[in-house]
Amino acid sequence: MQRRLAAILAADVVGYSRLMELDEAGTLAALKAHRAELIDPAVAAQGGRIVKVMGDGALIEFPSVVDALTCAVEIQKGMAARNQAVAPERRIVFRVGINLGDVIVEGEDLYGGGVNVAARLEALAEPGGICLSGTAYDTVHGRPEIAFEDMGQRKVKNLDQPVRVYRVRAEDDAPSERPGADPTLPSLELPDKPSLVVLPFDNMSVDPEQAFFADGITEDIITELSKFRSLFVIARNSAFAFKGQSLEAKEVSAKLGVRYLVEGSVRRAGNRVRVTAQLIDALEDKHLWAERYDRDLEDIFTVQDEVTLAIVTTVEPQLASRERQRARRQPTESLGAWECYQRGLWHLFQSNRDDGEKSLEFMERAVALDPSFASAQAGLAFVLYYFILMGHSRDRQGDLARALEAGKTAMMLDPSDPFGHVAFGRLHTIQGEHEAAISACETAIALNPSYAMAHFGRAHSLWHSGRPEEAIQSHDRAIRLSPQDPIMWAFLASKSIALTMLGRAEEALECARKATRQPNTALYAYLSEISALGHLERLAEAKAVLARAKELKPGLDLSFVDLSLPITDPACRERFVAGLVKAGLE
């Protein structure tokens with residue numbers, strides 16, 4: 001790993017999403033012109049190197065802080081001049097942060113604390129402004145042509161110690177005239193888990209009385225998202241304090257200490273209603289997702305429930321996926337308990353042995369860093385269950401004992417976290433204790449009815465205990481709640497087995513093949529396909545799939561299947577296993 005000291009400049013466009021929505025082509029053309037005519041020449045003149053451009057922002061390395069600051073001042077002055085002839089709502093304005101710090105070099109890219117601090121400083125800068133860290137300020141503060149203002153110590157995310165922040169002050173900008181410049185008022189620190197606010201949905205209808213419907217949608221989304229223990233959701237009263245206000249995403253983020261915003265609108269015309277919703281990363285000022293829902297308004301409360309469910313079941317997986325990806329991009333040595341937990345989930349969902357080993361390492365590290373972190377304890381229990389299920393465990397009884405202990409600890413630490421109940425339920429399943437497993441998953445569903453993993457766990461245990469018809473209904477609910485789930489292969493494979501138990505082999509085969517086409521599919525998808533093909537007497541195909549399954553699991557035999565899938569109902573077991581035997585599994 002190569003490290004070096006570097007002067008880093010981070011910049012981004014204020015209100016980029018709003019500008020793109022207003023005039024996408026015009027905004028992109030203007031940005032291209034600003035880069036070609038002002039920014040790139042200014043960077044080159046000071047010996048800078050553009051590390052990367054991220055749509056609305058840039059990361060630039062300079063030989064010294066003096067070079068970085070000179071470039072930043074030139075760009076901000078140049079942009080002010082270029083914006084004079086532009087309508088205020090169409091002006092492109094930058095925020096800039098500059099830091100002198102240690103960076104990690106990987107090819108042409110830079111990572112590490114030096115880059116992170118620069119990004120945090122950029123977020124603290126006002127539109128058109130420049131903020132410097134204390135280390136950067138110490139090298140340039142003697143320059144008479146530039147006035148600085150001490151903004152005090154600021155606590156920023158992922159740093160144990162606060163950062164001393166200075167801003168470059170314009171000639172006509174007196175410190176006493178600036179709101180929020182009081183160094184005794186630190187910005188709110190972001191929570192470790194994904195944090196969001198659901199802003200009041202706008203009533204775009206002609207009838208102002210329809211505002212109650214928009215408010216109802218907002219309140220329901222807040223309520224449902226709050227059931228996910230993995231999220232930090234701002235309470236209803238604080239969210240509604242912003243009703244009717246038009247604020248930049250970063251301003252709302254700073255006021256509430258959240259990273260993500262959910263916002264939207266409701267428009268009613270006659271007996272039709274249109275609800276739009278979008279998810280925004282406020283720190284990066286990026287749209288992550290947007291959707292429109294058109295409905296007939298026969299029963300207003302039914303529509304409200306339906307739209308709420310559709311939004312919630314999209315937002316939570318989007319945030320979960322983004323957090324896993326963010327954790328993956330961070331250097332391992334800088335990860336805290338939350339990031340280790342997220343990295344562990346990412347590796348777990350790849351559904352192979354090597355990633356499973358890494359998942360276990362990250363979950364163990366998360367627990368070591370914070371033994372009171374309930375989700376990490378549940379994650380450790382779930383990963384150990386996965387090891388046993390897949391036959392990866394080198395000490396089945398030892399891993400089972402560890403998993404049970406971690407699962408019990410998770411539920412003791414946070415009885416309201418559905419993940420702990422689901423993890424413990426899967427451990428009951430692997431032991432053939434299916435009624436206990438179903439009960440644990442139903443407890444999780446009671447805590448959060450939108451938790452797809454709980455519906456899947458319930459379904460999996462139902463067909464183990466001889467209730468495949470109920471299992472299919474529960475599977476369908478899980479798939480509806482999480483249509484882009486990272487373990488969709490498991491949802492489909494498990495449903496296929498339930499269909500086989502009901503004698504619906506054609507449907508079972510179709511479902512199994514959907515499972516095997518998933519990018520991270522695993523052994524049990526192939527077992528479900530083999531059994532269905534066996535019942536359909538398509539034995540040549542079944543034998544070919546069995547050969548593939550044995551590549552994934554050398555030594556695969558019926559004893560392994562019975563150990564991993566302890567089906568306690570004799571008739572259901574016989575029907576599933578009969579298809580495997582026809583294909584040649586012994």
Side-chain angles (χ1 to χ4, degrees), residues 6-100 103 107-110 115 118-119 121-132 136 139-140 143 145-148 166-173 248-250 281 283-287:
I8 300 297
L9 183 152
D12 85 336
V13 178
V14 178
Y16 179 75
S17 299
R18 177 187 57 79
L19 290 167
M20 290 291 285
E21 185 175 350
L22 183 65
D23 182 2
E24 183 177 272
T27 298
L28 292 174
L31 272 174
K32 185 176 181 180
H34 292 323
R35 274 203 62 182
E37 298 166 13
L38 172 64
I39 298 169
D40 288 2
V43 171
Q46 301 305 321
R49 178 178 73 91
I50 297 178
V51 178
K52 53 188 170 186
V53 176
M54 300 85 72
D56 61 335
L59 188 70
I60 309 172
E61 180 185 16
F62 288 90
S64 72
V65 176
V66 171
D67 297 320
L69 180 59
T70 301
C71 179
V73 170
E74 182 178 344
I75 289 173
Q76 294 294 42
K77 286 183 177 179
M79 288 303 301
R82 294 167 75 91
N83 277 328
Q84 285 183 358
V86 180
E89 69 275 8
R90 294 180 180 270
R91 291 175 181 172
I92 293 176
V93 180
F94 292 101
R95 291 186 178 94
V96 174
I98 298 174
N99 179 47
L100 177 65
V103 298
E108 296 297 314
D109 213 343
L110 299 179
V115 173
L121 292 167
E122 170 265 304
L124 293 174
E126 77 270 16
I130 304 168
C131 280
L132 290 79
T139 68
V140 296
R143 299 188 63 178
E145 72 276 17
I146 298 178
F148 297 93
Y166 296 83
R167 75 175 186 94
V168 175
R169 201 173 73 237
E171 295 177 0
D172 58 348
D173 184 10
E248 294 283 353
K250 285 194 175 183
D281 184 330
L283 296 193
E284 297 184 11
D285 200 15
K286 290 181 178 177
H287 278 75

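Residue numbers start at 1 and run along the sequence shown.
Scanning both residues, G47 and P63, for their nearest heavy atoms gives O-CD, 3.3 Å. Nearest heavy-atom pair, V53 versus I50, reported as atom, atom and distance to 0.1 Å: CG2-CG2, 3.7 Å. Contact record, P127 with V93: C-CG1, 3.7 Å, taken as the closest heavy-atom pair. Shortest non-hydrogen contact noted between E61 and A6 is OE2-CB, 3.7 Å. Residues A136 and V65 come closest through the heavy atom pair O-CG1, 3.6 Å. Nearest approach of Q46 to T70, heavy atoms of both residues: NE2-CG2, 3.5 Å.
Distance check: F148 CZ to R167 CZ gives 11.5 Å after rounding to the nearest 0.5 Å. In this structure, R90 CZ and L22 CG are separated by 4.5 Å, a value rounded to the nearest 0.5 Å. Note that CD of Q76 is 9.5 Å distant from CG of L38, once rounded to the nearest 0.5 Å. Note that CZ of R49 is 5.5 Å distant from CD of E108, once rounded to the nearest 0.5 Å. One finds the CG atom of D40 at 11.5 Å from the NZ atom of K32 (value rounded to the nearest 0.5 Å). For the atom pair SG of C131 and CD1 of I98, the computed distance is 9.5 Å after rounding to the nearest 0.5 Å.
The pair E126-K250 fails the salt-bridge criterion, with no side-chain N (NZ, NE, NH1 or NH2) lying under 4.0 Å from an Asp/Glu carboxylate O.
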Quiz prompt | Criterion side chain to side chain contact (heavy atoms under 4.5 Å, CB included) on V168 and I146, from CA distance to verdict | solution = CA-CA 7 Å; V168 175; I146 298 178; 3.7 Å; yes
Exercise. Carefully, step by step, assess L132 and L69 under the rule side chain to side chain contact (heavy atoms under 4.5 Å, CB included).
Key: CA-CA 9 Å; L132 290 79; L69 180 59; 4.3 Å; yes
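Using a 4.5 Å heavy-atom cutoff, the side chains of I130 and Y166 are not in contact. Two residues are said to be in side-chain contact when any heavy atoms from C-beta on lie closer than 4.5 Å; V51 and I60 fail this criterion. Using a 4.5 Å heavy-atom cutoff, the side chains of V96 and E122 are not in contact.
When the salt bridge (charged side-chain N to carboxylate O under 4.0 Å, His left out) test is applied to D67, no partner is found at least two apart in sequence or on another chain. Every side-chain contact (heavy atoms from CB on, under 4.5 Å) that I39 has, sequence neighbours left out, goes to H34, R35, V43, I75, F94. In this structure V115 satisfies the side-chain contact (heavy atoms from CB on, under 4.5 Å) test together with L59, V103, L110, sequence neighbours excluded.
With hydrogens and angles ignored, the 3.5 Å screen pairs a side-chain donor or acceptor of T27 with a backbone N or O of L19. With R91 contributing its side chain and N83 its backbone, the two residues share a donor-acceptor pair below 3.5 Å.
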